[in-house]
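Counting convention: from 1, in listed order, for ligands and their atoms alike. We count residues from 1, following the sequence as given.
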Amino acid sequence: MTARIPATLIAGDGIGPEIMNATLTVLEALQAPFDWDAQVAGLGGVTVAGDPLPQSTLDSIRKTRLALKGPLETPSGGGYRSSNVRLREAFKLYANMRPGKTMIPGGRFDNIDLMVFRENVEGLYMGYEHYIPIDDDPHAVAIATGVNTRQGSRHILDYAFQTAISMGRKKVTVVHKANIMKALTGIFLETAYQLHKEKYAGQIALDDVIVDACCMKLVINPWQFDTLVTTNLFGDILSDLVAGLVGGLGMAPGANIGQDAAIFEAVHGSAPDIAGKGIANPIALMLAAGLMLDHVRLHDKAQRLRQAIADTLNVDGVRTGDLGGKANTKAFTDAVVARVRHS
Ligand code: NAD
């Protein structure tokens with residue numbers, strides 16, 4: 001019998017509960033051995049516990065060191081600081097891995113198989129921001145300070161090189177803007193070449209590209225890339241771009257890996273425009289659950305899950321609206337469950 005695995009569950013905001021229900025249904029059909037501890041964060045945290053990141057949620061993840069998380073709403077401009085960013089900081093989740101792999105053949109971009117590694121706790125996400133008031137304008141000047149450290153860069157780069165090599169990948173490309181932000185992103189670029197020379201030369205190739213050119217190249221010829229590794233903000237933007245190459249945000253999972261925990265989530269947000277309608281595409285969160293199964297070394301179940309999703313999309317032709325289909329979340333989930341049961 002497979003040992004039970006305690007894990008924290010955060011359904012999240014907006015479409016979160018809808019896609020989380022769908023994902024849990026499929027995990028149950030797979031007999032995934034997770035013992036869930038349900039907690040809240042984001043807007044749900046504010047509503048239920050008066051706190052976007054309640055202590056009980058932090059305590060739960062500290063204990064389980066493993067979580068599946070739906071999207072969390074973060075107000076733009078003012079309001080509370082992102083619970084996602086705080087979770088990454090609290091558990092030192094320095095590596096964000098976002099695979100972009102074609103699941104539906106024949107699209108605008110076929111046979112995409114890209115891996116994006118994003119530094120997850122430093123850079124311009126540290127929240128070192130303030131306004132300077134002038135005369136009667138309290139927001140006359142806005143200032144942000146980015147921080148990248150040699151050690152932080154080494155952590156994510158080490159993780160990216162090691163993981164890319166273990167996956168049999170051939171080339172890592174560092175994405176930067178060291179021509180303009182010579183110190184802030186130059187340190188990342190410099191550390192990449194140092195580390196490669198020290199530990200990884202001969203095992204995997206390394207090159208680099210400036211972020212603006214990278215965006216253009218990804219749209220013109222994405223197949224020239226294999227594995228991208230970059231700083232926090234560029235990684236956020238590039239991984240959405242890569243999601244667009246494989247069918248949109250509904251297809252893109254993410255893993256936040258660190259010293260003290262691992263948190264798996266969809267790349268997309270809470271999609272308030274479609275929340276409550278029962279039409280969200282649950283694939284991204286299901287694929288995130290697949291990465292979580294891989295993380296706990298249940299590779300067979302992870303593979304069955306990915307195959308069931310692919311067969312539902314391509315053999316049964318069942319797809320949600322964002323993929324041009326007619327199925328709602330429940331119909332799509334039922335079809336994946338049927339595939340899982342026969343796998
Ligand atoms: P979003 O990703 O929520 O939505 C962008 C667009 O993609 C919307 O049109 C939405 O309907 C569509 N979309 C996203 N996921 C989908 C799915 N599974 N199925 C079908 N369509 C889908 O981005 P946004 O609107 O910019 O952000 C909304 C909120 O989510 C914000 O508060 C933001 O801070 C938060 N957010 C959270 C996370 C996270 O928790 N990791 C990530 C990104 C954004």
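- Cation-pi geometry between R118 and Y125 is met: the NZ or CZ atom falls under 6.0 Å from the ring centre, inside 45° of the normal.
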Enumerate, atom names and distances included, each donor-acceptor pair closer than 3.5 Å involving a side-chain atom of residues 19-28, sequence neighbours excluded.
unit_1 : atom_1 : unit_2 : atom_2 : d
T23    : OG1    : I19    : O      : 2.8
T25    : OG1    : N21    : O      : 2.7

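- Closer than 4.0 angstrom to ligand 1 sit non-hydrogen atoms from I15, K69, P71, L72, E73, T74, N84, L249, E265, V267, H268, G269, S270, A271, P272, D273, I274, A280, N281, D322.
- Contact check on D158 versus K199 returns a salt bridge, with a Lys/Arg side-chain nitrogen under 4.0 Å from an Asp/Glu carboxylate oxygen.
- K177 pairs with exactly one of T230, D212, T231 by the side-chain hydrogen bond (donor to acceptor under 3.5 Å, both in side chains) rule, that one being D212.
- Atom CZ of R306 and atom CD of Q303 lie 5.0 Å apart (nearest 0.5 Å).
- With ring centers used as reference points, H176 lies 6.0 Å or more from F188.
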